[in-house]
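Working notes, beginning with the structure itself.
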Amino acid sequence: MRGETPSNILIYGKTGTGKTASVKYVTRELEKVSDRSPLKVRVVYINCEEVNTKYRVLATLANTFLEKARGNSDELPNSVPMTGWPTDEVYKCFFRAMDSERQLAVIVLDEIDKLVFRNGDEVLYHLTRINADLKNSKVSIIGISNDLNFMNYLDPRVRSSLSEEELVFPPYNAVQLKDILEKRARISFVEGVIQEGVISLCAAHAAREHGDARRALDLLRVAGELAEREGCESVSVEYVRRAHEKIEQDKMVEVIRTLPTQSKLVLYSIVVLSERTPRAIISGDVYSVYRELCAQSGMDVLTQRRVGDLISELDMLGIISAKIVSKGRQGRTKEIKLNIHPIQAMAAIHDEQLMSLDTLKLSRQLTLV
DNA sequence: GTTCCACAGGAAAGCTAGGATG
DNA sequence: CATCCTAGCTTTCCTGTGGAAC
């Protein structure tokens with residue numbers, strides 16, 4: 001507001017600790033106050049997860065300021081195309097639009113680690129140095145990152161100028177989460193329908209998972225939805241337990257859905273086996289079934305070595321649990337247990353069209369087991 | 001005590017798509 | 001546009017191993 005060069009700020013914190021919400025709130029207030037002051041403050045919010053190349057970041061910036069600066073200068077174009085121009089041209093355009101009037105620009109780069117990871121720190125280098133060249137305006141950058149280590153990937157010069165001020169958002173503890181939940185619950189639930197201990201339990205669950213407030217709110221919401229769907233008058237701790245289960249299952253279904261095809265096929269083999277045999281599932285059997293499935297669906301067959309790795313990956317993702325057991329002369333194997341309901345697993349696997357084979361017919365044709 | 005099964009899982013090389021570079 | 005590079009898969013080849021059966 002006083003027209004001095006503002007510090008750049010870097011904000012760290014795990015997901016669901018309120019980084020984005022805080023920044024959005026503060027910048028909104030800042031814009032409100034600046035309406036009454038001679039110096040204009042403009043905030044540009046860019047989520048680097050969506051806008052993930054240096055070109056697109058610059059083009060977004062350029063377009064924002066071109067729109068605002070329209071009419072100030074004749075030689076400025078109306079907009080920058082989202083593809084096609086040389087990058088330095090876009091940069092120049094952004095620069096001129098910025099400098100065409102006296103203003104302070106606050107550029108918020110959310111998930112800045114994604115940008116650095118994909119593109120390196122070139123854009124950041126230019127952006128942090130731009131103040132030296134601007135005559136009328138000033139730029140301040142707010143970087144938001146989940147990754148505490150991402151600074152190590154930056155050029156030292158960028159690092160020091162970007163982190164003139166650092167802010168760490170620590171995870172919420174259970175008490176704080178409880179506080180947040182209570183406030184929200186007062187708005188969204190009819191008074192008295194939430195039973196004793198429900199909110200504490202939600203808070204405890206979320207606190208155990210890195211203090212993610214979003215997770216805590218989800219838990220409470222899903223518990224409420226479950227109770228409502230069953231026509232229950234109040235939300236009991238039992239619903240929280242089931243909500244937790246449901247969220248875990250949904251997460252798993254999502255993971256399965258995005259699995260590569262070969263992994264799906266391996267998982268499918270395990271599901272088929274789990275439905276046809278009461279015996280423990282053995283990695284050797286999985287491989288046999290897998291080979292048959294490949295033959296029937298016309299996919300190329302991976303080696304046993306590789307399938308073993310895929311099984312370990314499924315284990316790491318928590319979709320299955322595998323433990324090594326030795327059966328004397330019957331050798332050593334992995335005994336595999338499915339951690340998700342077979343029907344749900346099937347549905348998640350078949351979600352994609354590439355596995356559009358008629359599964360029932362297919363598994364009936366299986367000669368093994 | 002010895003054997004030997006049926007795999008686990010390490011090392012290294014080959015392959016390939018997609019991105020960077022000139 | 002051609003070419004070069006790189007990361008992520010995958011294969012090949014290999015050594016290791018717990019414990020029931022001999």
Side-chain angles (χ1 to χ4, degrees), chain A residues 48-60 81-91 111-126 147 149-150 152-155 158 255-274 276-339 349 352 354-355 366-369:
Chain A
C48 302
E49 173 108 73
E50 295 154 25
V51 184
N52 55 10
T53 66
K54 61 182 176 186
Y55 182 91
R56 291 179 59 204
V57 168
L58 284 174
T60 308
M82 282 320 274
T83 166
W85 281 19
T87 310
D88 61 329
E89 192 69 27
V90 180
Y91 179 78
E111 316 217 28
I112 195 170
D113 43 333
K114 301 272 162 52
L115 183 68
V116 175
F117 232 67
R118 290 181 58 90
N119 302 280
D121 49 13
E122 203 185 322
V123 208
L124 294 181
Y125 180 73
H126 286 302
D147 186 354
N149 296 320
F150 107 102
N152 300 333
Y153 302 100
L154 292 179
D155 187 291
V158 179
V255 170
I256 293 174
R257 194 172 293 153
T258 54
L259 236 38
T261 319
Q262 289 288 4
S263 298
K264 278 188 182 172
L265 214 50
V266 173
L267 178 60
Y268 186 51
S269 311
I270 296 169
V271 173
V272 168
L273 272 171
S274 76
R276 353 197 80 219
T277 166
R279 283 181 303 161
I281 302 168
I282 295 301
S283 50
D285 292 348
V286 173
Y287 188 63
S288 316
V289 173
Y290 162 81
R291 285 223 329 230
E292 271 202 56
L293 287 171
C294 282
Q296 291 183 22
S297 57
M299 311 230 353
D300 27 345
V301 190
L302 299 183
T303 50
Q304 182 153 9
R305 177 73 187 81
R306 181 68 188 132
V307 171
D309 279 347
L310 293 182
I311 290 175
S312 304
E313 274 170 34
L314 291 175
D315 187 14
M316 295 240 291
L317 291 170
I319 299 166
I320 60 174
S321 326
K323 73 164 193 274
I324 305 156
V325 289
S326 186
K327 299 181 155 189
R329 279 225 148 158
Q330 269 74 258
R332 256 149 67 93
T333 357
K334 263 182 180 164
E335 258 182 20
I336 296 162
K337 211 175 86 238
L338 210 52
N339 281 343
I349 295 168
E352 215 162 302
L354 92 193
M355 301 221 38
L366 282 173
T367 52
L368 276 146
V369 188

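- Comparing B:dC4, B:dG9, B:dA8 by their nearest atom to the side chain of A:Arg329 picks out B:dC4.
- Contacts of A:Gln304 classified as side-chain contact (heavy atoms from CB on, under 4.5 Å), with partners at least two apart in sequence or in another chain: A:Tyr287.
- Taking A:Arg291 as the reference, nothing meets the salt bridge (charged side-chain N to carboxylate O under 4.0 Å, His left out) condition, with sequence neighbours excluded.
- The stretch residues 316-323 of chain A has no heavy atom under 4.0 angstrom from DNA chain B at all.
- With values rounded to the nearest 0.5 angstrom, A:Ile281 atom CD1 is found 9.0 Å from A:Asp285 atom CG.
- Distance CD1 (A:Ile281) to C1' (B:dC7): 17 Å, rounded to an integer number of Å.
- Nearest heavy-atom pair, A:Ser297 versus A:Leu265, reported as atom, atom and distance to 0.1 Å: OG-CD2, 4.5 Å.
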Identify every side-chain donor-acceptor pair in residues 308-324 of chain A under 3.5 Å, counting partners at least two apart or on other chains, and give the distances.
unit_1, atom_1, unit_2, atom_2, d
A:Asp309, OD1, A:Arg305, NH1, 3.0
A:Asp309, OD2, A:Arg305, NH1, 3.3
A:Ser312, OG, A:Gly308, O, 3.1
A:Ser312, OG, A:Lys334, NZ, 2.8
A:Ser321, OG, A:Asn339, OD1, 3.1
A:Ser321, OG, A:Asn339, ND2, 3.0

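- Taking CG of A:Leu273 as the reference point, atom CD1 of A:Ile336 lies at 8.5 Å (rounded to 0.5 Å).
- Among the protein residues, A:Gly284 comes within range of the sugar-phosphate backbone only, with heavy atoms under 4.0 Å from sugar or phosphate atoms but none that close to a base.
- Remark: C1' of B:dG9 and CD of A:Gln304 are 12 Å apart, rounded to the nearest angstrom.
- Taking A:Ser326 as the reference, A:Arg332 meet the side-chain contact (heavy atoms from CB on, under 4.5 Å) condition, with sequence neighbours excluded.
- As rounded to whole Å, 9 Å separates atom C1' of B:dG9 from atom CD1 of A:Ile324.
- For A:Gln330 and B:dA8, the CD to C1' distance is 17 Å, given to the nearest whole Å.
- A:Ser326 has no side-chain polar atom (N or O) that falls below the 4.0 Å cut-off from OP1 or OP2 of B:dA6.
- Closest approach of A:Lys327 to A:Glu335, counting heavy atoms only: CE-OE2, 4.1 Å.
- Rounding to the nearest 0.5 Å gives a distance of 9.0 Å between CG of A:Leu267 and OG of A:Ser274.
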In the 5'-to-3' direction, what one-character label does each nucleotide of nucleotides 7-16 of chain C receive under the scheme B = base within less than 4.0 Å of a protein heavy atom, S = sugar-phosphate only, - = no such atom? --SSBBB---
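- A close approach under 4.0 Å does not occur between any side-chain nitrogen or oxygen of A:Lys334 and OP1 or OP2 of B:dA6.
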